[in-house]
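No experiment lies behind these values; they were computed from the predicted model shown. Order of the sequence lines sets the chain letters (A, B, ...), proteins ahead of strands, with each chain counted from 1.
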2 protein chains.
Amino acid sequence: MNLNNYNSEDKVLLAVDCIIFGFDGEDLKILLIKRNFEPERGKWSLIGGFLKREETLHDAASRILNYLTGLDHIYMEQFYSFSEVNRDPGERTVSVSYYALINIEDHNEQLNKEFSAEWFSVSEMPNLIFDHNQMVDMAIKRLRYRASTKPIGFELLPEKFTMKQLQKLYESILNTKLDKRNFISKINGLDILIRLDEKETESSKRGSYLHTFDKEKYSKKTNEGFVFKI
Amino acid sequence: MNLNNYNSEDKVLLAVDCIIFGFDGEDLKILLIKRNFEPERGKWSLIGGFLKREETLHDAASRILNYLTGLDHIYMEQFYSFSEVNRDPGERTVSVSYYALINIEDHNEQLNKEFSAEWFSVSEMPNLIFDHNQMVDMAIKRLRYRASTKPIGFELLPEKFTMKQLQKLYESILNTKLDKRNFISKINGLDILIRLDEKETESSKRGSYLHTFDKEKYSKKTNEGFVFKI
DNA sequence: TCAAAAGTGTTCACCGTACACCCATGG
DNA sequence: CCATGGGTGTACGGTGAACACTTTTGA
């Protein structure tokens, strides 16, 4: 083991696999594609690709996400690298996994057709190729942790949302029921939302106030030592 | 971007770098080696090596750790992969980072001489090669989180330890002062230590009780829904 | 007898949680 | 006028944090 002769060392293919989370107002969902090539043709899979020589892992993940969704500046986080020797029967491949959060409404439905992509509830995952189910499990755990310490939930919601939507989102991320009154007073206590004068009237006669996430206020509070915690 | 021709994809060197934590009774420390080869000969560095074709990342980290410390079954956790294109001027290399916890007493001092290795307090890190300082920062953050949710602190202590040692350990991991009475009653509340009838008498005339971590009890409690939290 | 570290409880403020009723509106 | 979902406040228990004195013993 001597670092000074790089040449004698093995090189490997480095894959980047992405768990794309979305929220439809009821359930936390993941976007999967049906593989149209071997190995494992016809099975459900995460989207992925290979790291190119001149890009970072972050660049690769962005490129892959953009390719499938058409979106830029997607929130994402790298969470683990998977390296079982035979995880990909095609060739020795190590996979670096990212999860990504997108607003399901921004997403181009057309692209789903093109790639045979579909949204699946996290509670109804099909069997995926390779170790992708394990990746999904780990992504959910990481998302759960992150969403309770950083206000990333808003990445999954439209710009304007109701308190009910926000609560449902957290319920599906955390996989629990929350008490409406406690949830709202906790959120209000954080003081990082703006209640608009607009109401959403589709789901009820009375209508419910729309809110937006106040990014500036959040940054300012964070700089002053405020810690987001749900 | 088509996954079906693996052959046209770039391969990269995959390094594994290890942050080895130890605790000397006062400070949290990291084991570094002085590089004796180019590039960056003579500078301080984490220990690392390259992934071989027939091993997992976990295997590689174990192998590298064993090579430097002589120890097996070291507690470790993978925490991030670093991929800046020019992070290693020698060649395009992606590095997967692990942190490891060892009992500083088990460690063979002889090996330190052999590898020009030295323990450094985390508060007095020298400049390291490449992006290794960034790796250390991230490792400390992850360790901090992990140590507050899993009883991994004991990996850094001898089999038998005093409450004071345990408190000092947590103080150095969390980089805070803790109140002795609150700390002890919290630990006792967890009910996962065994107080031995032995005393340690080196640091005081009165002597202080030695304790061990009760692994079985902890597993049992964990299975029953108990959650470690400090 | 004294210095030095070990060991031990209580109080208070705050937070998380449980819990139920009135309001506004469209049909 | 009524059915439906929206919006709001309080009481209680538990946890985290602040805080000081007594005990032991070797020198």
Side-chain angles (χ1 to χ4, degrees), chain A residues 25-26 144-145 147-149 157-158 160-212 221 225-230, chain B residues 25-26 144-145 147-149 151 153 157-158 160-212 221 225-230:
Chain A
E26 285 298 323
R144 228 165 248 171
Y145 168 64
S148 66
T149 53
L157 290 173
K160 302 173 181 181
F161 51 86
T162 64
M163 279 294 189
K164 178 126 190 195
Q165 286 174 296
L166 187 61
Q167 184 182 341
K168 286 236 173 200
L169 172 63
Y170 274 95
E171 286 179 336
S172 47
I173 291 176
L174 303 173
N175 195 31
T176 48
K177 277 277 156 208
L178 299 171
D179 180 85
K180 181 171 57 158
R181 287 158 292 183
N182 292 338
F183 180 77
I184 290 177
S185 58
K186 187 171 223 167
I187 296 292
N188 284 335
L190 295 174
D191 187 29
I192 53 176
L193 293 190
I194 300 170
R195 189 171 88 168
L196 305 173
D197 285 329
E198 278 174 84
K199 288 196 167 190
E200 185 272 346
T201 50
E202 281 186 28
S203 60
S204 77
K205 298 162 181 169
R206 182 174 170 180
S208 48
Y209 284 109
L210 288 166
H211 300 74
T212 56
K221 292 182 70 132
F226 165 78
V227 181
F228 180 89
K229 185 84 190 64
I230 267 188
Chain B
E26 284 299 323
R144 227 164 249 172
Y145 168 64
S148 65
T149 53
L157 290 172
K160 302 173 182 181
F161 51 86
T162 65
M163 279 294 189
K164 178 128 192 192
Q165 285 175 296
L166 186 62
Q167 183 182 343
K168 285 235 174 201
L169 171 63
Y170 274 95
E171 286 179 337
S172 47
I173 291 176
L174 303 174
N175 194 31
T176 48
K177 278 276 156 209
L178 299 171
D179 179 84
K180 180 171 55 158
R181 289 158 290 183
N182 291 339
F183 180 77
I184 290 177
S185 59
K186 187 171 223 168
I187 296 291
N188 285 335
L190 295 175
D191 187 30
I192 52 176
L193 293 190
I194 300 170
R195 189 172 89 169
L196 304 173
D197 285 332
E198 279 174 84
K199 286 196 167 189
E200 184 272 346
T201 50
E202 281 186 26
S203 61
S204 77
K205 296 161 184 173
R206 181 174 172 180
S208 48
Y209 284 108
L210 288 166
H211 299 74
T212 57
K221 291 180 69 130
F226 166 78
V227 180
F228 179 90
K229 185 84 189 63
I230 266 187

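- Classified by interplanar angle (parallel below 30°, tilted 30° to 60°, perpendicular above 60°), the ring pair B/Phe183/B/Tyr170 is tilted.
- Of the residues in residues 174-211 of chain B, those with a non-hydrogen atom less than 4.0 angstrom from any atom of DNA chain D are B/Asp179, B/Arg181, B/Asn182, B/Lys205, B/Arg206.
- The CD1 atom of B/Ile230 sits 9.0 Å away from the CD1 atom of B/Ile173 when rounded to the nearest 0.5 Å.
- The CG atom of B/Leu157 lies 12.0 Å from the NE2 atom of B/His211; values are rounded to the nearest 0.5 Å.
- Nucleotide C/dA6 holds its C1' atom 12 Å from the CD atom of B/Gln167, rounded to whole Å.
- Residues B/Ile187 and B/Met163 are in side-chain contact: their nearest non-hydrogen atoms beyond the backbone lie under 4.5 Å apart.
- Interface limits on DNA chain D: the 5'-most and 3'-most nucleotides within less than 4.0 Å of chain B heavy atoms are D/dA17 to D/dG26.
- A heavy-atom distance below 4.5 Å is found between the side chains of A/Leu196 and A/Lys160.
- Here A/Phe226 contributes atom CZ and A/Asp191 contributes atom CG; the two are 8.0 Å apart, rounded to the nearest 0.5 Å.
- The distance from the NZ atom of B/Lys199 to the OG1 atom of B/Thr162 is 12.0 Å, given to the nearest 0.5 Å.
- Atom-to-atom distance recorded for A/Glu171:CD and A/Thr176:OG1 is 6.5 Å, nearest 0.5 angstrom.
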